[in-house]
Amino acid sequence: MQSLRLPLFHFLHRTTSPLKPTRPFFQIRLHTRFQASSNHHPSQTTQPIKNDTVTHEFRFFRVYESGRVEKFHQTHKIPPSDDPISGVRSKDVVISSEPAISARIFLPLIRDPTRKLPVLFHVHGGGFSFESAFSPHIHNYVRTLSSEADVIAVSVEYRLAPEHPIPACYDDSWAALRWVADHRNGNGPEPWLNNYADFDRVFVAGDSAGGNISHYLAARVGSLGLPGVKLVGAVLVHPYFGGTDDDAMWLYMCGDNNGLQDRRLRPSVEDLRRLGCERVLVFVAEKDHLNGVGKKYVEELKKSGWKGSVEIVENEGEDHCFHLEDLNYEKAVALIRRFASFIKHQ
């Protein structure tokens, strides 16, 4: 029943501790020592220290005086696979070993080997601090997008904060997008991109924090360019752009920040004006705490002087990232179809 269907992110918003920075807001720029682990969850591999005092507590994690990080959400990962129903295949690739950046690539059913397919570069959400391109619901979501939109999808696995402070997530995503672009002449390291990708039809997309990073990528393409690649559009699903209690968490994760007006946190007029794509689609959800943030982004983009076109779709009665919980839910199906039609330009 609808009343029992609580999305993962909806659940997290209600069960994790409220934002309680233990220092004045304007001082949360100081670096803290972190004990990193290979799976980005130090609390699983580090024994708690007796009398270890909590120094910072946010929506998704807390930090102790010893430097230990305890995350409230642990991410399960699954291997790539070939889907017998949709025909979508997937594989994992290493983009960089230092820093560690990887991606999962999805190839839809190939009916005509001579036909080139659009490329969807996807950035997962998770508050910049958890989630994975390899988790079951991100895998299934991007696989579904690949099938519905008939695109090659590249889902980036970037380093997570606070173990890898911001801007690692932005830098990793940009490096991965450039890696995709390196296949434009058909001589890159990944055959699927060499053989099937149409680099005149490239899209970036992301949910929540991933929407924020996707905007950053589009702005960077507009500023620096991406030779041999045409970035057609960006799809931002329930994007985060500051203006909430989580700003303190973002500032903490980014020790080298410019305060609440940091252009990565709140896009500048200059970055909006020079978005390096022609079209933008923004999804917002009526009950999402980021609803107003997404609408404000659309309003500011329209006023910025950017020459492209922007559309907004609101899902009534829904909360943050509801579509990731049940891909068969009618409103999730509608969101994915609208997403796909944007890529197909229908």
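All values reported here derive from a predicted model rather than from experimental measurement. Just so you know, these numbers use all the heavy atoms, side chains as well, and skip hydrogens, waters and symmetry mates.
- In this structure, Arg59 contributes its side chain and Asp246 its backbone to no donor-acceptor pair below 3.5 Å.
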*Starting from the C-alpha separation in whole Å, work towards a yes-or-no answer on side chain to side chain contact (heavy atoms under 4.5 Å, CB included) for Phe61 and His56.*
CA-CA 8 Å; Phe61 62 89; His56 298 87; over 6 Å; no
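- The shortest side-chain heavy-atom distance between Tyr196 and Val151 does not fall under the 4.5 Å cut-off.
- Remark: the backbone N or O of Ala133 is paired with a side-chain donor or acceptor of Glu157 at under 3.5 angstrom.
- The aromatic rings of His289 and His320 sit perpendicular, their planes meeting at an angle over 60°, well past the 30° parallel limit.
- Legend: residues meeting salt bridge (charged side-chain N to carboxylate O under 4.0 Å, His left out) with Asp207, ordered by chain and number and at least two apart, are absent.
- In terms of modelled atom types and a separation under 3.5 Å, the side chain of Asn212 and the main chain of Phe241 share no donor-acceptor contact.
- Outside the 6.0 Å centre-distance limit, the rings of Phe199 and His183 are not counted as a close aromatic pair.
- Judged by distance alone, the side chain of Arg273 and the main-chain N or O of Ser304 form a donor-acceptor pair under 3.5 Å.
- Here the closest heavy-atom approach between residue Pro80 and residue His139 is recorded as CA-CE1, 4.4 Å.
- Judged by distance alone, with hydrogens and angles left aside, the side-chain atoms of Asn185 form no donor-acceptor pair with the main-chain N or O of Asn187 at under 3.5 Å.
- The shortest non-hydrogen separation linking Gly127 to Met253 is O-CE, 3.4 Å.
- Side-chain contact between Ser102 and Phe134 is present, with heavy atoms from C-beta onward closer than 4.5 Å.
- In terms of modelled atom types and a separation under 3.5 Å, the side chain of Asn291 and the main chain of Lys287 share no donor-acceptor contact.
- A salt bridge links Arg338 with Glu311: at least one charged nitrogen is closer than 4.0 Å to a carboxylate oxygen.
- Atom NZ of Lys91 is surrounded by more than 12 heavy atoms from other residues, nucleotides or ligands within 6.0 Å.
- Two residues are said to be in side-chain contact when any heavy atoms from C-beta on lie closer than 4.5 Å; Phe322 and Asp288 fail this criterion.
- Under the 4.5 Å side-chain contact rule for hydrophobic residues, Val333 and Leu281 do not share a cluster.
- With hydrophobic clusters built from ILVMFWY side chains whose heavy atoms lie under 4.5 angstrom apart, Val154 shares a cluster with Val93.
- Residue Leu327 holds its CG atom at 4.5 Å from OG1 of Thr144, rounded to the nearest 0.5 Å.
- No donor-acceptor pair under 3.5 Å is formed between the side chain of Lys303 and the backbone N or O of Val269.
- Partner of Pro136 under the side-chain contact (heavy atoms from CB on, under 4.5 Å) criterion, chosen from Thr75, Leu324, Ile78: Ile78.
- His122 and Tyr141 have their aromatic ring centers within a separation under 6.0 angstrom.
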*Which is it for Asp150 and Leu117 under the side chain to side chain contact (heavy atoms under 4.5 Å, CB included) test, yes or no, and what are the steps along the way?*
CA-CA 7 Å; Asp150 202 22; Leu117 303 175; 3.9 Å; yes
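- The pair Lys77-Asp92 does not meet the salt-bridge criterion, since no charged nitrogen lies less than 4.0 angstrom from a carboxylate oxygen.
- Aromatic pair Phe339/Phe342: ring centres not closer than 6.0 Å.
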*Please walk me through it: do Val293 and Tyr240 pass side chain to side chain contact (heavy atoms under 4.5 Å, CB included)?*
CA-CA 7 Å; Val293 171; Tyr240 165 73; 5.6 Å; no
Under 3.5 Å, which donor-acceptor pairs do the side chains of residues 213-220 form with other protein atoms, sequence neighbours left out?
from, atom 1, to, atom 2, distance (Å)
Ser214, OG, Ala205, O, 3.1
Ser214, OG, Gly206, N, 3.3
Ser214, OG, Gly210, O, 2.8
His215, ND1, Tyr297, OH, 2.9
Tyr216, OH, Arg220, NH1, 2.6

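- Side-chain contact of Asp171 with Tyr158: a donor-acceptor pair under 3.5 Å is absent, judged by distance alone.
- The closest donor-acceptor contact from the side chain of Ser129 to the backbone of Ala161 lies at 3.5 Å or more, if one exists at all.
- With rounding to the nearest 0.5 angstrom, the CG atom of Asn258 is 10.0 Å from the CG atom of Leu251.
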*Go through the steps to decide whether Glu318 and Phe283 satisfy the test side chain to side chain contact (heavy atoms under 4.5 Å, CB included), and finish with yes or no.*
CA-CA 11 Å; Glu318 299 301 331; Phe283 288 94; over 6 Å; no
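- Side-chain atoms of Phe60 and Lys71, non-hydrogen and from C-beta on, never get closer than 4.5 Å to each other.
- From Leu275, atom CG reaches atom NZ of Lys307 across 13.5 Å, with rounding to the nearest 0.5 Å.
- Atom NZ of Lys296 has 12 or fewer heavy atoms from other residues, nucleotides or ligands within 6.0 Å.
- Residues Leu226 and Leu177 are in side-chain contact: their nearest non-hydrogen atoms beyond the backbone lie under 4.5 Å apart.
- Gly259 approaches Asn257 most closely through the heavy-atom pair N-OD1, 2.8 Å.
- For the pair Val284/Leu290, no side-chain contact is recorded, criterion being any heavy-atom separation below 4.5 Å from C-beta on.
- A donor-acceptor pair is defined here as one N or O able to donate and one able to accept, closer than 3.5 Å; such a pair exists between the side chain of Trp306 and the backbone of Cys277.
- Side chain of Ser173 to main chain of Cys169: a donor-acceptor pair is present (N/O by atom type, distance under 3.5 Å, no hydrogens or angles).
- Here Phe203 contributes atom CZ and Leu231 contributes atom CG; the two are 8.5 Å apart, rounded to the nearest 0.5 Å.
- In this structure, CZ in Arg62 is found 4.5 Å from CD in Glu70, a value given to the nearest 0.5 Å.
- Among all heavy-atom pairs drawn from Leu272 and Leu301, the shortest one is O-CD1, 3.7 Å.
- Considering His323, His76, His124, Glu131 in turn, Glu131 is the only one that fulfils the side-chain hydrogen bond (donor to acceptor under 3.5 Å, both in side chains) rule with His137.
- The environment of CZ in Arg178 is sparse: at most 12 heavy-atom neighbours from other residues, nucleotides or ligands sit within 6.0 Å.
- Using a 4.5 Å heavy-atom cutoff, the side chains of Asn315 and His238 are in contact.
- One hydrophobic cluster, built from ILVMFWY side chains closer than 4.5 Å, holds both Leu224 and Val123.
- Arg104 and Pro79 make their closest contact through NH2-C, 3.5 Å (heavy atoms, listed as atom of the first residue, atom of the second, distance).
- In this structure, Val232 and Arg279 have side chains that are in contact, with non-hydrogen atoms separated by less than 4.5 Å.
- A continuous path of hydrophobic side-chain contacts links Val313 to Leu335 [ILVMFWY only; heavy atoms under 4.5 Å].
- Separating the CG atom in Leu265 from the CG atom in Asp247 is a distance of 5.0 Å, to the nearest 0.5 Å.
- The two residues Ala332 and Asp326 have their closest heavy-atom pair at CB-O, 3.4 Å.
- Note on Lys116 versus Asp200: no salt bridge recorded, every NZ/NE/NH1/NH2 to OD/OE distance being 4.0 Å or above.
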